[in-house]
Amino acid sequence: MCSGNNSFRAVITGKGGVGKTTLTACLAAALAGNGITTLAVDEDPQMNLPYAMGLPVERARAIVPLNLNRDYVEEKTGARPGASGWGALFKLNPDVDDVVARYGVTVADRMNLLVMGTVKQAGGGCLCAENVLLDSVVRHLALRENEGILLDTQAGVEHFGRALSRGFSHCLVVTDATFNALTVACSSADLARQIGIPKVCLVLNRAADGAEARLDRFRQETGTDVKDRFDGVVAMPFEPRLAELEPDVTRIMSRPDSGYAAAVRSLAAALTARTCSCSTPVLEIRS
Ligand SMILES: Nc1ncnc2c1ncn2[C@@H]1O[C@H](COP(=O)(O)OP(=O)(O)O)[C@@H](O)[C@H]1O
Ligand SMILES: [Mg+2]
């Protein structure tokens with residue numbers, strides 16, 4: 001499945017603390033530098049993304065997650081938040097083209113943010129008005145040339161159960177090089193493929209020298225060649241300055257000597273590549 005233009009919808013997934021939010025913010029900055037307008041969507045109830053993108057504290061604190069905008073949920077779906085079950089009738093495909101204009105926050109030039117919120121649910125999928133709205137926002141929002149969506153998810157794979165990212169063009173699975181994390185990453189890749197995401201890339205974060213060797217060892221121990229499970233693998237080096245720069249980690253992108261920033265830029269270029277190369281890796285190991 002190849003898109004005719006350079007727009008993209010990418011979901012960023014992985015275990016907690018592996019670097020998803022940092023990567024999302026830095027990717028948005030890199031894409032903005034390339035003239036691409038990004039809508040970064042925060043699905044994590046911890047709401048770290050506004051700060052990571054450099055939004056001042058007062059503005060970040062004023063944000064109300066979309067799922068808590070009860071009037072908007074009702075206006076769009078026809079049902080009050082919390083409505084579910086047999087008695088609830090709501091639109092399954094609400095028109096959400098106005099959501100960015102009404103609730104999006106412009107953080108910087110070409111960097112927009114939407115804090116979506118997460119709907120807690122027990123067990124399987126929850127067909128409730130808030131989820132229908134949130135799913136519609138990321139799935140049906142019209143994208144033009146030079147526009148893309150980056151969906152920063154909370155830790156774990158629960159969002160795959162909701163199929164929140166169905167219809168997305170890319171899944172970036174962020175991991176470190178440990179055995180357990182790589183095992184989880186391979187499961188995430190399977191789930192991403194099950195919901196039909198065509199390009200699934202592994203982001204080996206905080207990679208020390210020898211990332212290649214770690215993957216070789218994983219293959220020997222499990223019989224799984226990680227590179228075969230993904231359409232591409234990119235290693236992002238450990239960047240000690242992120243700790244000094246946080247919460248606004250996007251500032252690393254203006255440091256010309258940062259290997260992390262360089263890796264983010266190559267990932268940004270791969271996301272917007274126009275070429276149709278679905279069956280060939282788009283990224284190579286960099287360490
Ligand atoms: N490549 C890296 N080098 C050094 N520190 C990193 C790197 N990537 C992320 N971090 C740090 O790791 C911590 C967790 O990152 P974060 O993006 O919040 O993870 P997640 O969103 O997956 O929970 C943060 O303190 C961040 O600055
Ligand atoms: Mg995060």
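Order of listing sets the numbers, starting from 1, for every ligand and every atom in it.
Annotation: atom 8 (N) of ligand 1 to nearest protein heavy atom, N205 ND2, 2.9 Å. For atom 3 (N) of ligand 1, the nearest non-hydrogen atom of the protein is E239 N, 2.8 Å. Nearest non-hydrogen protein atom to atom 19 (O) of ligand 1 is G19 N, 3.1 Å. Distance from atom 11 (C) of ligand 1 to its nearest protein heavy atom, with residue and atom name: R206 NH2, 3.7 Å. Of the protein's non-hydrogen atoms, T22 OG1, 2.6 Å is the one closest to atom 17 (O) of ligand 1.
When only interatomic distances are considered, the shortest N/O to N/O separation between T21 and ligand 1 falls below 3.5 Å.
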Please set out all donor-acceptor pairs under 3.5 angstrom arising from side-chain atoms of residues 238-248, sequence neighbours excluded.
{"unit_1": "E239", "atom_1": "OE1", "unit_2": "R241", "atom_2": "NH2", "d": "3.1"}
{"unit_1": "E239", "atom_1": "OE1", "unit_2": "S258", "atom_2": "OG", "d": "2.8"}
{"unit_1": "E239", "atom_1": "OE2", "unit_2": "R241", "atom_2": "N", "d": "2.9"}
{"unit_1": "E239", "atom_1": "OE2", "unit_2": "R241", "atom_2": "NE", "d": "3.0"}
{"unit_1": "R241", "atom_1": "NH1", "unit_2": "D257", "atom_2": "OD1", "d": "3.0"}
{"unit_1": "R241", "atom_1": "NH1", "unit_2": "D257", "atom_2": "OD2", "d": "3.3"}
{"unit_1": "D248", "atom_1": "OD1", "unit_2": "T250", "atom_2": "N", "d": "3.2"}
{"unit_1": "D248", "atom_1": "OD1", "unit_2": "T250", "atom_2": "OG1", "d": "2.5"}

Going through the checks in order, is the side chain to side chain contact (heavy atoms under 4.5 Å, CB included) test met by M111 and L113? CA-CA 7 Å; M111 287 171 68; L113 168 71; over 6 Å; no

Apply side chain to side chain donor-acceptor pair (under 3.5 Å) to the pair T178 and N180, showing each step before the final yes or no. CA-CA 6 Å; T178 60; N180 288 345; over 6 Å; no

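Residue contacts with ligand 1 include G17, since one or more of its heavy atoms lies under 4.0 Å from the ligand. Distances shorter than 4.0 angstrom do not occur between any heavy atom of E246 and any atom of ligand 1. Close to ligand 1: P237, with a non-hydrogen atom less than 4.0 angstrom away. Contact annotation: V18 has at least one heavy atom less than 4.0 Å from an atom of ligand 1. A heavy-atom separation below 4.0 Å is found between K15 and ligand 1.
Heavy atoms from other residues, nucleotides or ligands lying under 6.0 Å from CD of Q46 number 12 at most.
The contact set between ligand 1 and Y260, taken as ligand atoms under 4.0 Å from a residue heavy atom, comprises 1 (N).
V200 pairs in a side-chain contact (heavy atoms from CB on, under 4.5 Å) with only one of the listed residues (D231, L191, D190), which is D231. No option in V173, V233, L267, I12 other than L267 meets the side-chain contact (heavy atoms from CB on, under 4.5 Å) test with V203.
Nearest-residue assignment for atom 2 (C) of ligand 1 (options V264, V203, L242; heavy-atom criterion): L242. The option from Q46, Q154, K20 that lies nearest to atom 22 (O) of ligand 1, judged by heavy atoms, is K20.
In the hydrophobic clustering of this structure, V107 does not group with V264; members are Ile, Leu, Val, Met, Phe, Trp, Tyr whose side-chain heavy atoms approach within less than 4.5 Å, directly or through other members. One hydrophobic cluster, built from ILVMFWY side chains closer than 4.5 Å, holds both L133 and V41.
With hydrogens and angles disregarded, a donor-acceptor distance shorter than 3.5 Å links the side chain of R9 to the backbone of V138. Using a distance-only test at 3.5 Å, with no hydrogens or angles considered, no donor-acceptor pair links the side chain of K15 to the main chain of A185.
By the definition of a contact as any protein heavy atom under 4.0 Å away, atom 25 (O) of ligand 1 is not in contact.
Listing protein N, O or S atoms at distances below 2.8 Å from the Mg ion (ligand 2), with waters left out, gives T21 OG1.
Electrostatic pairing of D228 and R219 does not count as a salt bridge here, judged by no charged N lying under 4.0 Å from a carboxylate O.
How far CG of L151 is from CG of L172: 10.5 Å, rounded to the nearest 0.5 Å.
The nearest pair of heavy atoms linking C186 to V226 is SG-CG2, 4.5 Å.
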